[in-house]
Amino acid sequence: MSIKIAVQKSGRLNEDSIKLLNDCGLGIRNGHNQLKSNADNFPVEVYFLRDDDIPQYVEDGVAHAGIVGENVVFEKNKAVEVIEQLGFGKCRLSIAIDKNDQYENASFLHNKKIATSYPFLTQQFLEKKSINAEIHEISGSVELAPGIGLADVVCDLVSSGSTLFMNGLHEVETILNSQAVLIRSKTLNQEQHDILDQLLFRVRAVKRAKNNKYVLLNAPNESLEKIIALLPGMKSPTVLPLAEKGWSSVHTVLSEDEFWEKIEKLKAAGAEGILVVPIEKMIV
Ligand code: ATP
Ligand code: MG
């Protein structure tokens, strides 16, 4: 028994998806010019597909799980379960208009022509704002549509905004923030469910590790109390005596969000020789 997981064949999510599965110990080779690949160390077959097709395959149970952007999951609106956000492929679906136009609120969009590859999400946004506009679905290079007179505005994926800028557009409204997610079919039997749960356990350990750093520092014993008060640790920090009398080494785990702020405070409290080490897996 094994499960099938669909990932993007080539494009922005391909590399990070395979890296994540390999960080989970699966042992997959990249599938250029190949439809599927077996994991060496885990009961999984990986299918390489266009990202647009992944929700349908997962709904049908042809693939048991998939890695795809939330933007595609919500646009396709298939009966699949989103089970975990994966922290890569971050972007947003935004409305952008001619850089010389003024935008106060969504009523600007009344009776405009909107070019997008996301007609469902765009329509949902327009309905929420009670706006009537004409949606032109196009499958790629949406940012060119206003320049060639096909549309007045666009609703497209943005990350840095440089593509919009180069095409004389500016972003005025975000309708969805997106990242890659793990989705699951609703048709799994118990055994498939269990395999996917094992994979999910590993995915969470890898994600947690990425968001945390192992920190080692030296401190004079009289500063220890202050320093320990600053540190969470997985249970509480480890304190070991140094060979030099009156000094200790303190080990702990810090999350990426609080990292810089904590380091400043630790230095101020008397910490020296601070080492920061990446964590490969983190099981709590
Ligand atoms: P496919 O051939 O698989 O259909 P695609 O051309 O539709 O590929 P890509 O451009 O490779 O898709 O983008 C895949 C996903 O990457 C998007 O659906 C989105 O979730 C994410 N993404 C992250 N940043 C961006 C960005 N700046 N522009 C577009 N997509 C982005
Ligand atoms: Mg696509």
Side-chain angles (χ1 to χ4, degrees), residues 4-21 28-37 45-60 62-63 65-78 80-97 99 114-125 135-147 151 153-184 203 207 210:
K4 299 182 181 119
I5 298 186
V7 303
Q8 192 190 24
K9 181 173 174 58
S10 63
R12 288 182 154 100
L13 301 180
N14 168 268
E15 240 175 67
D16 285 338
S17 303
I18 291 170
K19 174 157 193 317
L20 173 68
L21 295 176
I28 293 153
R29 285 163 299 272
N30 202 344
H32 292 306
N33 303 319
Q34 134 192 24
L35 174 66
K36 62 174 190 164
S37 165
E45 274 177 304
V46 176
Y47 279 64
F48 299 100
L49 301 168
R50 288 281 314 270
D51 68 347
D52 315 65
D53 298 333
I54 292 176
Q56 183 73 63
Y57 276 85
V58 173
E59 178 183 275
D60 294 344
V62 176
I67 297 178
V68 67
E70 289 173 303
N71 53 310
V72 173
V73 178
F74 298 142
E75 174 65 26
K76 300 293 176 188
N77 198 23
K78 301 289 176 194
V80 299
E81 271 176 85
V82 174
I83 51 174
E84 186 79 6
Q85 293 187 316
L86 301 174
F88 61 85
K90 287 192 177 165
C91 59
R92 52 197 187 273
L93 183 63
S94 289
I95 308 265
I97 66 172
K99 68 174 189 312
I114 308 178
T116 186
S117 307
Y118 294 85
F120 178 76
L121 291 173
T122 306
Q123 185 58 40
Q124 215 177 36
F125 170 78
I135 295 177
H136 256 269
E137 182 178 354
I138 48 179
S139 62
S141 304
V142 170
E143 69 282 358
L144 302 179
V153 306
V154 302
C155 178
D156 201 8
L157 294 179
V158 187
S159 45
S160 69
S162 60
T163 309
L164 293 180
F165 180 79
M166 282 189 305
N167 286 283
L169 299 170
H170 79 123
E171 196 180 345
V172 292
E173 189 104 55
T174 298
I175 72 173
L176 176 78
N177 282 301
S178 178
Q179 60 178 292
V181 286
L182 184 62
I183 58 173
R184 168 166 73 194
V203 166
K207 262 181 65 184
K210 230 180 260 165

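Quick caveat, the model's predicted, so the values are computed rather than measured. Start at 1 and go down the list; that is how both ligands and their atoms are numbered.
- Judged purely by atom type and a 3.5 angstrom limit, N14 uses its side chain to pair as donor or acceptor with the backbone of K9.
- Of the protein's heavy atoms, C91 CB, 3.4 Å lies nearest to atom 24 (N) of ligand 1.
- The closest side-chain donor-acceptor pair between E171 and S94 falls under 3.5 angstrom.
- Set against the non-hydrogen atoms of G11, the atoms of ligand 1 under 4.0 Å away are 11 (O).
- For A180 against I67, the heavy-atom pair with the smallest separation is CB-CG2, 4.4 Å.
- Looking at ligand 1, you'll find an N or O of D51 within less than 3.5 Å of one of its N or O atoms.
- Counted by atom type alone, D60 and Q56 present one or more donor-acceptor pairs between their side chains at under 3.5 Å.
- Shown here is E81, whose CD atom has more than 12 heavy atoms of other residues, nucleotides or ligands within 6.0 Å.
- Annotation for F165: atom CZ does not count as buried by contact number, only 12 or fewer foreign heavy atoms lying within 6.0 Å.
- Sparse packing is recorded around OH of Y57, with 12 or fewer heavy atoms of other residues, nucleotides or ligands lying under 6.0 Å away.
- Proximity of atom 6 (O) of ligand 1 to the protein is not indicated, since no non-hydrogen protein atom lies closer than 4.0 angstrom.
- In this structure, the side chains of I54 and Y47 stay at 4.5 Å or more apart for every pair of heavy atoms.
- Ranked by closest heavy atom to atom 23 (C) of ligand 1, the top entry among A180, S10, S162, G89 is G89.
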Inset, instruction - For the pair K76 and E59, evaluate salt bridge (charged side-chain N to carboxylate O under 4.0 Å, His left out) and give the outcome as yes or no after the intermediate values. - result: CA-CA 11 Å; K76 300 293 176 188; E59 178 183 275; over 6 Å; no
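- Contacts of R12 with ligand 1, taken as heavy-atom pairs under 4.0 Å, involve both backbone and side chain.
- Ligand-side atoms of ligand 1 in range of K90: 23 (C), 24 (N), range being under 4.0 angstrom from any heavy atom.
- Listed by number with element, the atoms of ligand 1 under 4.0 Å from a non-hydrogen atom of L13 are 15 (C), 16 (O).
- Nearest to the Mg ion (ligand 2), among the N, O or S atoms that D51 has, is OD1.
- Pairing each heavy atom of I183 with each of P55, the nearest pair is CD1-CA, 4.2 Å.
- Side-chain atoms of K90 and Q179 form no donor-acceptor pair, as typed in the model, at a separation below 3.5 Å.
- Although no hydrogens or angles enter the test, the distance criterion places no donor-acceptor pair under 3.5 Å between the side chain of D16 and the main chain of F88.
- Given atom 20 (O) of ligand 1, the protein heavy atom at minimum distance is N71 OD1, 2.7 Å.
- Heavy atoms of Q179 found under 4.0 angstrom from ligand 1: none, in either backbone or side chain.
- The nearest heavy-atom contact from the protein to atom 30 (N) of ligand 1 is L157 CD1, 3.3 Å.
- Set against the non-hydrogen atoms of G69, the atoms of ligand 1 under 4.0 Å away are 20 (O).
- When each atom of ligand 1 is checked for a heavy atom of D52 under 4.0 Å away, the hits are 4 (O), 7 (O).
- Remark: minimum distance from atom 9 (P) of ligand 1 to any protein heavy atom is reached at Q8 NE2, 3.8 Å.
- Only side-chain heavy atoms of V72 come within less than 4.0 Å of ligand 1; its backbone N, CA, C and O stay farther off.
- If you look at D52 and ask which of its N, O or S atoms sits nearest the Mg ion (ligand 2), the answer is OD1.
- Distances from atom 4 (O) of ligand 1 to the heavy atoms of R50, E70, E75 put R50 nearest.
- Scanning the protein heavy atoms around atom 27 (N) of ligand 1, the nearest turns out to be S159 OG, 2.6 Å.
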